[in-house]
Each structure stands twice: as C-alpha cells, then as structure tokens.
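Taking it in order: structure first as structure tokens, then the write-up.
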Amino acid sequence: VYLSFQALRQISQRTISTASRRQYVNRVPENQKLFQEDNGIPVHLKGGAKDSLLYRSTAGLTVFGTMYALYYLLTTSMPKKPN
C-alpha cells in the first residue's frame, strides 16, 4: 500500500511541477479599439457572429417564454367544463 501511495505522489508532483503555463496575449487594447469605434453597430453585437447568435437566441427564448406564460395564464383563468 505504501509503495502505490509513494508512486502516486511522485507522479502527481511530476505532472504539476512540469506543467507549462500558457502565455496569454493581451488583447485588451484591440478589443477597446473595436468596441469604441463608432460604426453604427450596437455594442452588444460588435463581437461578431457569436454575439449575434447569443442575442437572437436570447430574444427568441424571451418571446417564447412570454407567449407561453400568457397562454398558461389564459388557460388557468378559465373555469373547467363539467363532464
């Protein structure tokens, strides 16, 4: 049991200590330039196709949810018909 624990400890230390860190590129100035540009596009759509898809799906779900809530309120407000 001690041997397997020792081996596991050695493997975990090796993977943690030798893991290379990713080098991130600072893209803040590029994004600031993009979002502050006055080109007539709303700020919530300046991110491209991904932002557009997110916006449209959110708007669609909101419309669907509102319609469903109104339908449910209408059906529950009506009295049940006796059989």
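Just so you know, residue 1 is the first one in the sequence shown, and it goes up from there. Quick caveat: nothing in here was measured; it's all calculated off a predicted structure.
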Problem set entry | Crowding at CG, Asp38 (>12 non-hydrogen neighbours, <6.0 Å) | no
Seminar exercise, completed: Closest non-hydrogen atoms of Thr76 and Leu73, given as atom of the first, atom of the second and distance, are OG1-O, 3.2 Å
For this session: Report the residues that fulfil ring-ring contact (aromatic ring centres under 6.0 Å, His included) with Tyr55, sequence neighbours left out, ordered by chain and then residue number.
Result: His44
Seminar exercise, completed: Between the OG1 atom in Thr75 and the NZ atom in Lys80, the distance rounded to the nearest 0.5 Å is 10.5 Å
Exercise. Is there a donor-acceptor pair under 3.5 Å between the side chain of Ser52 and the backbone N or O of Gly48?
Worked result: no
Exercise. What are the two closest non-hydrogen atoms of Thr58 and Leu54, and how far apart are they?
Worked result: OG1-O, 2.7 Å
For this session: Please state whether the rings of Tyr68 and Phe64 are parallel, tilted or perpendicular, taking 30° and 60° as the class boundaries.
Result: parallel
For this session: Could you list who else is in Met78's hydrophobic cluster, with ILVMFWY side chains joined at under 4.5 Å, directly or through other members?
Result: Leu74
Problem set entry | Taking every non-hydrogen atom, the tightest pair across Lys46 and Asp51 | C-OD2, 4.2 Å
